[in-house]
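Each remark here refers to the structure printed beneath this line.
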Amino acid sequence: MIEEITVETRVRYAECDAQRVAHHSVFPVWMEMARTELLRANGVSYRECEDSGVYFVVVRLSISYRRPAVYDDMLSIDVKTTNVGRVKLEHEYVFKRGDEVLATAATTLACVDRLGRPMAMPEGFLKGSARL
């Protein structure tokens, strides 16, 4: 299982406020982007999960902002799986501009079925043997 990857993104103008600072609301979008790529690195796309009736919903999200990201900054987002439970999946994130840490974050996702009911993750999920 690949537990950690780094993805890059550039701060786009549409993601900024009038002072050209990345709006706080874009960080969860970047977190989802990083989580999706981590899942893909493990051989499963989120689309495949949904097609097989497996969904993940964010049940907890926390972000600590340290420094602003500004328009046209190239950011790296480190995402790490910290816990895989029967129904939950936890991640930690570090947002950086070069070596400078701009923010840290964490999420907890719950595995649910098509009706939004909690369900156990498929056997072997994220361990390279899951068959969705």
Side-chain angles (χ1 to χ4, degrees):
M1 173 180 156
I2 299 170
E3 296 179 352
E4 184 172 0
I5 65 167
T6 300
V7 298
E8 292 186 340
T9 191
R10 188 172 300 279
V11 180
R12 297 169 293 189
Y13 193 78
E15 297 168 327
C16 297
D17 61 18
Q19 289 76 39
R20 298 175 46 173
V21 172
H23 195 267
H24 67 274
S25 65
V26 77
F27 283 77
V29 174
W30 293 335
M31 292 161 66
E32 180 181 11
M33 179 182 69
R35 274 194 317 273
T36 300
E37 292 307 315
L38 178 58
L39 185 62
R40 190 181 315 279
N42 278 287
V44 180
S45 74
Y46 192 68
R47 182 178 188 147
E48 290 172 322
C49 291
E50 287 185 335
D51 288 348
S52 66
V54 177
Y55 297 81
F56 291 96
V57 295
V58 175
V59 296
R60 185 183 64 81
L61 181 144
S62 65
I63 305 173
S64 295
Y65 301 97
R66 296 181 183 182
R67 305 282 303 150
V70 298
Y71 172 64
D72 209 37
D73 276 351
M74 180 57 76
L75 305 181
S76 63
I77 306 161
D78 300 331
V79 57
K80 178 180 181 179
T81 301
T82 57
N83 185 32
V84 179
R86 185 171 171 273
V87 176
K88 73 178 180 178
L89 189 56
E90 296 176 331
H91 297 94
E92 291 178 351
Y93 311 79
V94 179
F95 296 85
K96 294 185 284 189
R97 176 179 48 229
D99 292 331
E100 182 181 21
V101 175
L102 304 181
T104 57
T107 55
T108 301
L109 284 73
C111 185
V112 299
D113 64 16
R114 283 186 172 95
L115 298 176
R117 296 179 300 220
M119 64 177 278
M121 282 187 259
E123 187 67 32
F125 186 73
L126 293 183
K127 293 181 176 63
S129 64
R131 299 289 178 249
L132 297 175

Connected via hydrophobic side-chain network under 4.5 Å: M1 and V7: yes
From CG (L39) to NE2 (H91), nearest 0.5 Å: 8.0 Å
Shortest non-hydrogen contact between L115 and D113, atoms and distance: N-OD1, 2.9 Å
Hphob cluster co-occupancy, V21 + F95, side-chain heavy atoms under 4.5 angstrom: no
Cluster check Y71, L102: I/L/V/M/F/W/Y, side chain < 4.5 angstrom: no
Separation of S76 OG from E100 CD (nearest 0.5 Å): 11.0 Å
Which atom of V54 lies closest to which atom of C111, heavy atoms considered: CG1-SG, 3.7 Å
Point-to-point distance, once rounded to the nearest 0.5 Å, from CG of D51 to CD of E48: 8.0 Å
Heavy-atom side-chain proximity of V101 to V94 below 4.5 angstrom: yes
Pairwise distance OG1(T82) to CD(E90) - rounded to 0.5 angstrom: 5.0 Å
Joint cluster assignment, V57 & V87, ILVMFWY side-chain distance < 4.5 Å: no
Minimum heavy-atom distance between C16 and A22, given as atom pair plus value: SG-N, 4.0 Å
Side chain to side chain, M121 and F56, heavy atoms closer than 4.5 Å: yes
Gap between atom CD of E3 and atom NZ of K80 - 0.5 Å precision: 7.5 Å
Pairwise side-chain contact, M31 with L61, heavy-atom cut-off 4.5 Å (strictly under): yes
Over 12 foreign heavy atoms within 6.0 Å of CZ, R114: yes
Joint cluster assignment, F27 & M74, ILVMFWY side-chain distance < 4.5 Å: no
E4 atom CD: more than 12 heavy-atom contacts under 6.0 Å: yes
Heavy-atom closest pair, residues I2 and L38: O-CD1, 3.6 Å
Heavy atoms of other groups near R10 CZ, more than 12 under 6.0 Å: yes
Atom of Y65, atom of H24 and distance for their closest heavy-atom approach: OH-O, 3.0 Å
Main-chain N/O of V44 paired to N42 side chain as donor or acceptor, under 3.5 Å: no
Nearest heavy-atom neighbours spanning I77 and W30: CD1-CB, 3.6 Å
Heavy-atom side-chain proximity of P68 to D73 below 4.5 angstrom: no
Nearest-0.5 Å distance, OG1 of residue T104 to CD of residue E92: 8.5 Å
Within-4.5 Å side-chain heavy-atom neighbours: V11 and R20: no
Step-by-step salt bridge (charged side-chain N to carboxylate O under 4.0 Å, His left out) determination, R40 to E37: CA-CA 5 Å; R40 190 181 315 279; E37 292 307 315; 3.5 Å; yes
Side-chain heavy atoms of R35 within contact of Y93, under 4.5 Å: yes
